[in-house]
**Student:** 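Quick one: structure below, then a few questions.
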Amino acid sequence: MLCKPKVATDISYQTTVKHEDTPIKVDILDTSHQDECQPSCHDVYDADAFVVVYSITDTTTFKVAQDELGRIRSGTTANAPILLLGNKLDFEHVRKVPVEEAQSAAEAASCLHVEVSAAEGHTPIIEKLHGLFLDAIASLCHRGRSVKRRKSLFENVSKKLGSVFRMRSLEDSSSAAAEVNKQKMMQVFHQSANRRSV
Ligand SMILES: Nc1nc2c(ncn2[C@@H]2O[C@H](COP(=O)(O)OP(=O)(O)OP(=O)(O)O)[C@@H](O)[C@H]2O)c(=O)[nH]1
């Protein structure tokens, strides 16, 4: 299950994260929402997790993000973990999307919500992405695959990046930040496992 760019402006990345000594290959597709490519031209139904990005300064991007949440939740990806990510937090003074509105959209779609500034550092974003990947893994495990199959699934966690920021390697975080990440990752993993076992 590899994410293939659908149009020239899509960008794909590959990276590796570790979960309990198991390397997990992650394919990331950063899809473009430029005029010539509406969201509908993307096949989002083969991803294991999603990051839907909007700008807190632009209500149009939030509207598109909400539509995307609906599309994801209504297809075969209905149970996939989603991170709704509000970007450009450094532009708080010209905010157009109230945080409460975004939070309730996230709640309605049963997804995580976070606001960040890609311009002011990647660590908080990377932490959230690690959590999302683990959520995807927990989701795949919960679907009752065999242990052998799970390992190969671990190598195929893929996701779709909505838009806005360019991501750098997940391995760039400092060792102190990595320890914090690890703890948060395990928290999210356990929360996710608990949620899904209810
Ligand atoms: N101030 C600020 N600028 C940002 C932030 N994130 C992105 N930008 C800027 O916003 C502009 C658009 O960023 P892109 O990453 O190209 O946006 P995009 O939505 O992915 O664009 P497409 O791939 O064409 O859909 C660029 O000039 C970025 O430098 C942020 O957090 N703060």
Side-chain angles (χ1 to χ4, degrees), residues 1-15 17 26-73 75 77 80-106 109 111-133 136 157-174 177 180-181 184:
M1 184 191 310
L2 274 179
C3 291
K4 297 258 187 294
K6 297 281 192 297
V7 292
T9 44
D10 286 352
I11 300 173
S12 71
Y13 307 83
Q14 283 76 42
T15 190
V17 294
V26 182
D27 298 316
I28 298 169
L29 180 63
D30 179 356
T31 60
S32 171
H33 284 177
Q34 288 179 353
D35 288 344
E36 73 274 20
C37 179
Q38 294 305 310
S40 56
C41 77
H42 290 287
D43 177 10
V44 299
Y45 301 111
D46 60 355
D48 298 313
F50 298 84
V51 180
V52 178
V53 185
Y54 66 94
S55 166
I56 68 159
T57 67
D58 183 344
T59 51
T60 306
T61 63
F62 183 61
K63 174 79 181 72
V64 172
Q66 283 181 298
D67 291 347
E68 285 284 348
L69 294 181
R71 274 161 45 79
I72 295 165
R73 284 289 176 248
T77 50
I82 308 175
L83 175 62
L84 177 63
L85 193 147
N87 191 31
K88 303 200 179 179
L89 192 54
D90 53 310
F91 279 144
E92 175 68 60
H93 54 292
V94 284
R95 174 191 285 274
K96 295 283 186 314
V97 181
V99 66
E100 298 79 15
E101 201 176 320
Q103 273 166 353
S104 61
C111 65
L112 299 170
H113 173 247
V114 66
E115 291 186 343
V116 297
S117 166
E120 289 186 339
H122 297 79
T123 303
I125 302 170
I126 290 165
E127 283 173 12
K128 292 291 172 189
L129 291 182
H130 270 138
L132 186 79
F133 298 153
V157 176
S158 55
K159 75 183 211 32
K160 174 187 179 188
L161 275 180
S163 57
V164 181
F165 66 87
R166 301 280 177 258
M167 209 184 97
R168 63 177 193 179
S169 166
L170 287 169
E171 287 151 5
D172 282 354
S173 31
S174 69
V180 174
N181 286 349
K184 293 204 169 181

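Counting starts at 1 for both ligands and their atoms, in listed order.
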**Student:** Using a plain distance cutoff, I'd like to know if Leu89 has any nitrogen or oxygen under 3.5 Å from a nitrogen or oxygen of ligand 1.
**Tutor:** no
**Student:** Below 4.0 angstrom, N of the basic side chain to O of the carboxylate: do Glu115 and Arg95 qualify?
**Tutor:**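 Yes, this pair counts.
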**Student:** Say whether Ala119, considering both its backbone and side-chain N or O atoms, lies within less than 3.5 Å of an N or O atom on ligand 1.
**Tutor:** yes
**Student:** Show which atoms of ligand 1 fall inside a sub-4.0 Å distance from at least one heavy-atom site of Phe91.
**Tutor:** 1 (N)
**Student:** Would you indicate whether the side-chain heavy atoms of Val94 and Lys88 approach each other to under 4.5 Å?
**Tutor:**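 Sidechains of Val94 and Lys88: no contact.
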**Student:** Does any N or O of ligand 1 fall below 3.5 Å from an N or O anywhere on Asp30, backbone included?
**Tutor:** no
**Student:** Return yes or no for this condition: an N or O of Thr31 is under 3.5 Å from an N or O of ligand 1.
**Tutor:**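 The answer is no, given that Thr31 and ligand 1 share no N or O pair closer than 3.5 Å.
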**Student:** Is a donor on one side and an acceptor on the other found under 3.5 Å between the side chain of Arg73 and the backbone of Ala109?
**Tutor:**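 Side chain of Arg73 to backbone of Ala109: a pair is present.
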**Student:** Only heavy atoms count here, so choose which of Ile11, Asn87, Val116, Asp90 is nearest to atom 7 (C) of ligand 1.
**Tutor:** Asn87
**Student:** Can you name the salt bridge (charged side-chain N to carboxylate O under 4.0 Å, His left out) partners of Asp67, sequence neighbours left out?
**Tutor:** Lys63
**Student:** Who pairs with Glu120 by salt bridge (charged side-chain N to carboxylate O under 4.0 Å, His left out), at least two apart in sequence or on another chain?
**Tutor:**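 Partners of Glu120 under the salt bridge (charged side-chain N to carboxylate O under 4.0 Å, His left out) test: none.
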